[in-house]
Colleague: 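Quick one: the structure is below, and I'll ask about it shortly.
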Amino acid sequence: MKINWNYIKLGFLLVLLSGVYAFCGERHQSKKIINSTVEFIGEDNLFITQQTVNKLLIQNLGSLTNVPKDALVLNKVEKVLEANEMVKSAQVYLTVNGGLTSKIVQRKPLGRIEGNSNFYLDDDGKRMPLSSNHSARVPIITGKITDESLQNCFAFLNFINADDFLKKNIIGINVVGTNDLQLKLRLEDYVVNLGSVSNLEAKFNNYKAFYSKAIKDKALGDYKAVSLEYNNQVVCTKI
């Protein structure tokens with residue numbers, strides 16, 4: 001019987017490659033983590049610091065350096081990070097050179113509530129604790145704070161954050177009632193009675209038209225209140 005050396009060579013090559021692959025895989029898994037780094041994704045406002053993240057990991061998982069790669073459960077590390085009240089999401093992965101990288105997205109506050117309890121309202125409409133590391137420059141919300149009125153504030157904050165003029169000029173929201181908001185401006189002394197958060201686009205188109213004309217007439221200082229509560233009109237109260 002004629003021996004087919006090509007098949008033998010191919011079989012030997014497959015065995016050799018399998019051995020090399022198994023050896024490399026075992027060697028890779030036996031490698032230990034040599035360092036841990038933290039990256040914050042998005043804005044630079046650090047409500048949680050790298051030092052806090054490292055401390056959080058050590059308290060819950062112990063030191064992660066010199067731990068074999070195959071002994072570390074990345075999903076568990078992510079859950080530890082996401083349990084922190086300042087963290088929105090976390091992604092953890094291992095690098096080829098033995099590093100552990102944690103990419104963290106922080107929660108983003110839209111407004112700050114000041115009253116019997118102080119906290120932020122974040123971009124998911126949820127309550128977010130204040131941070132000792134950083135204070136966000138966002139509108140201050142006061143008055144009759146309830147879950148329903150906060151949802152109205154949340155809708156309003158999303159609206160003004162999409163408009164540069166409103167975002168720069170509105171610095172405060174006073175909750176007069178569940179569907180009754182009053183606004184404080186950065187430069188003007190008058191208050192803006194918004195009423196409900198319905199028809200916001202129409203209300204502020206009217207307000208911008210009023211504002212442009214009042215600037216032209218140099219009359220902004222003549223008013224103590226401007227009301228947007230009524231359909232298709234701006235009602236002003238003079239000093």
Side-chain angles (χ1 to χ4, degrees), residues 40-47 86 88 105-115 118-128 130-131 134-239:
F40 293 100
I41 308 302
E43 298 183 4
D44 295 330
N45 298 333
L46 299 183
F47 298 102
M86 298 297 172
K88 185 172 186 177
V105 178
Q106 299 176 91
R107 295 173 69 182
K108 181 180 178 181
L110 298 183
R112 175 170 174 158
I113 287 76
E114 292 190 351
N118 298 330
F119 55 91
Y120 290 121
L121 187 67
D122 76 0
D123 58 349
D124 288 322
K126 298 178 180 178
R127 300 184 182 215
M128 171 184 171
L130 303 183
S131 169
H134 179 78
S135 181
R137 296 184 63 183
V138 291
I140 303 298
I141 303 171
T142 57
K144 299 178 180 178
I145 305 301
T146 64
D147 289 341
E148 189 176 356
S149 67
L150 283 181
Q151 287 307 303
N152 288 332
C153 289
F154 174 64
F156 177 69
L157 289 167
N158 277 319
F159 178 82
I160 66 172
N161 280 333
D163 186 299
D164 286 338
F165 171 78
L166 299 178
K167 185 177 180 180
K168 290 176 182 177
N169 284 280
I170 296 174
I171 61 171
I173 303 171
N174 181 41
V175 181
V176 181
T178 300
N179 295 301
D180 190 2
L181 304 182
Q182 191 178 71
L183 313 179
K184 181 180 179 181
L185 306 179
R186 185 178 303 279
L187 298 177
E188 314 308 330
D189 292 331
Y190 59 77
V191 296
V192 176
N193 295 314
L194 178 67
S196 71
V197 293
S198 62
N199 302 318
L200 288 176
E201 187 171 354
K203 287 179 178 180
F204 282 101
N205 283 340
N206 291 335
Y207 175 73
K208 288 176 183 178
F210 153 78
Y211 189 84
S212 296
K213 187 176 187 306
I215 285 181
K216 184 178 179 180
D217 296 340
K218 298 181 180 180
L220 285 175
D222 297 340
Y223 303 108
K224 65 177 180 180
V226 174
S227 178
L228 308 179
E229 300 170 273
Y230 309 102
N231 290 334
N232 298 319
Q233 56 183 319
V234 177
V235 178
C236 301
T237 303
K238 288 194 172 185
I239 296 174

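Side chains included, hydrogens not; waters and symmetry mates left out as well; all remaining heavy atoms used.
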Colleague: Quick one about Asn232 and Asn206 (side-chain donor to acceptor, distance below 3.5 Å, no hydrogens or angles considered), yes or no?
Modeller: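 Note: Asn206 and Asn232 side chains miss the donor-acceptor criterion.
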Colleague: Could you tell me which non-hydrogen atom of Ala136 sits nearest to which non-hydrogen atom of Pro109, and how far apart they are?
Modeller: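 That closest heavy-atom pairing would be CB-CG, 3.6 Å.
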Colleague: In terms of side-chain geometry, is the basic nitrogen of Lys213 or Asp217 positioned less than 4.0 Å from the acidic oxygen of its partner?
Modeller: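 Between Asp217 and Lys213 there is a salt bridge, with a charged N closer than 4.0 Å to a carboxylate O.
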Colleague: Any side-chain heavy atom of Phe47 sitting closer than 4.5 Å to one from Arg107?
Modeller: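 The answer is no, as the side chains (C-beta and beyond) never meet within the 4.5 Å cut-off.
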Colleague: Please determine whether side-chain contact (heavy atoms from CB on, under 4.5 Å) holds for the pair Gln106 and Leu46, giving the CA-CA distance in whole Å, both sets of side-chain angles, and the decisive distance to 0.1 Å.
Modeller: CA-CA 8 Å; Gln106 299 176 91; Leu46 299 183; 3.7 Å; yes
Colleague: For atom CG of Asp124, decide whether the heavy atoms of other residues, nucleotides or ligands shown that lie under 6.0 angstrom number more than 12.
Modeller: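 Yes.
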Colleague: What closest approach, in Å, do Ile141 and Gly111 show between heavy atoms, and which atom pair accounts for it?
Modeller: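 Residues Ile141 and Gly111, closest heavy atoms: CD1-CA, 4.2 Å.
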Colleague: With the side chain counted from C-beta on, respond yes when Thr142 and Val175 share a heavy-atom pair under 4.5 Å apart, and no when they do not.
Modeller: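 The answer is no; the side chains never approach within 4.5 Å.
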Colleague: Give a yes or no on whether the backbone of Lys184 and the side-chain of Asn174 come within a donor-acceptor separation of less than 3.5 Å.
Modeller: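 No; judged by distance alone, with no hydrogens or angles, the pair does not exist.
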Colleague: Taking all atoms of both residues into account, what is the closest heavy-atom pair of Leu110 and Pro139, and its distance?
Modeller: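 Here Leu110 and Pro139 meet closest at O-CD, 3.4 Å.
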Colleague: Search all heavy atoms of Val138 against all heavy atoms of Arg112 and return the closest pair with its distance.
Modeller: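 Heavy atoms of Val138 and Arg112 come nearest at CG2-N, 3.7 Å.
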Colleague: Is there a side-chain contact (heavy atoms from CB on, under 4.5 Å) between Leu200 and Leu194? Walk through the geometry before answering.
Modeller: CA-CA 9 Å; Leu200 288 176; Leu194 178 67; 4.0 Å; yes
Colleague: Could you check whether any side-chain N or O of Lys144 sits under 3.5 Å from a backbone N or O of Ser149, counting only pairs where one atom can act as donor and the other as acceptor?
Modeller: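 The answer is no, because no donor-acceptor pair under 3.5 Å joins these two groups.
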Colleague: At what distance, to the nearest 0.5 angstrom, does CD of Glu148 lie from CG of Asn179?
Modeller: 6.0 Å
Colleague: In terms of side-chain geometry, is the basic nitrogen of Asp123 or Lys88 positioned less than 4.0 Å from the acidic oxygen of its partner?
Modeller: yes
Colleague: Count the heavy atoms belonging to other residues, nucleotides or ligands that lie under 6.0 Å from NZ of Lys208, then report whether that count exceeds 12.
Modeller: yes
Colleague: To check you understand the geometry: which heavy-atom pair defines the closest contact between Thr178 and Asn152, and what is its length?
Modeller: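 So the minimum-distance heavy-atom pair works out to O-ND2, 2.6 Å.
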Colleague: Side-chain contact test, heavy atoms from C-beta onward, threshold under 4.5 Å: evaluate it for Ile173 versus Leu157 and give yes or no.
Modeller: yes
Colleague: To the nearest 0.5 Å, what is the distance between CD1 (Ile113) and CD1 (Ile145)?
Modeller: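 If we round to the nearest 0.5 Å, Ile113:CD1 and Ile145:CD1 are 6.0 Å apart.
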Colleague: Between Glu229 and Ser227, do the side chains contain an N or O donor and an N or O acceptor separated by less than 3.5 Å?
Modeller: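 Yes, because at least one side-chain N or O of Glu229 sits under 3.5 Å from a partner of the opposite role on Ser227.
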Colleague: Given 3.5 Å as the limit, does a donor-acceptor pair link the side chain of Asn199 with the main chain of Ala202, or not?
Modeller: no
Colleague: Is any side-chain heavy atom of Phe156 less than 4.5 Å from a side-chain heavy atom of Leu183?
Modeller: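 When only atoms from C-beta onward are counted, Leu183 and Phe156 do touch, with a gap below 4.5 Å.
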Colleague: Measure the shortest side-chain to side-chain distance between Tyr190 and Thr237 over non-hydrogen atoms and say whether it is less than 4.5 angstrom.
Modeller: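 Sidechains of Thr237 and Tyr190: no contact.
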Colleague: Can you find a heavy atom in the side chain of Leu228 that is under 4.5 Å from one in the side chain of Val234?
Modeller: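 Side-chain contact under 4.5 Å: yes.
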Colleague: Run Phe159 and Leu166 through side-chain contact (heavy atoms from CB on, under 4.5 Å) and show every step you take.
Modeller: CA-CA 9 Å; Phe159 178 82; Leu166 299 178; 3.6 Å; yes
Colleague: Once you round to the nearest 0.5 Å, how far does NZ of Lys203 lie from OH of Tyr230?
Modeller: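 Between Lys203 NZ and Tyr230 OH, I get 11.0 Å after rounding to 0.5 Å.
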Colleague: Check the angle between the aromatic planes of Phe204 and Tyr207 and answer parallel, tilted or perpendicular using the 30° and 60° thresholds.
Modeller: perpendicular
Colleague: Looking at Arg186, I want to see if its CZ is surrounded by more than 12 non-hydrogen atoms of other residues, nucleotides or ligands under 6.0 Å.
Modeller: yes
Colleague: From Asp189 CG over to Asp222 CG, what is the distance, rounded to the nearest 0.5 angstrom?
Modeller: 11.5 Å
Colleague: Less than 4.5 Å apart, side chain to side chain, heavy atoms only: is that true for Arg127 and Asp147?
Modeller: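 Yes - at least one pair of side-chain heavy atoms lies under 4.5 Å apart.
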Colleague: Closest approach of Phe154 and Gly125, non-hydrogen atoms and distance?
Modeller: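 So the minimum-distance heavy-atom pair works out to CE1-N, 3.3 Å.
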Colleague: With side chains defined as the heavy atoms from C-beta onward, is the minimum distance between Lys108 and Asp122 less than 4.5 Å?
Modeller: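 Of all side-chain heavy-atom pairs linking Asp122 with Lys108, none is under 4.5 Å.
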Colleague: If you round to the nearest 0.5 Å, how far is CE of Met128 from CG of Leu130?
Modeller: 8.5 Å
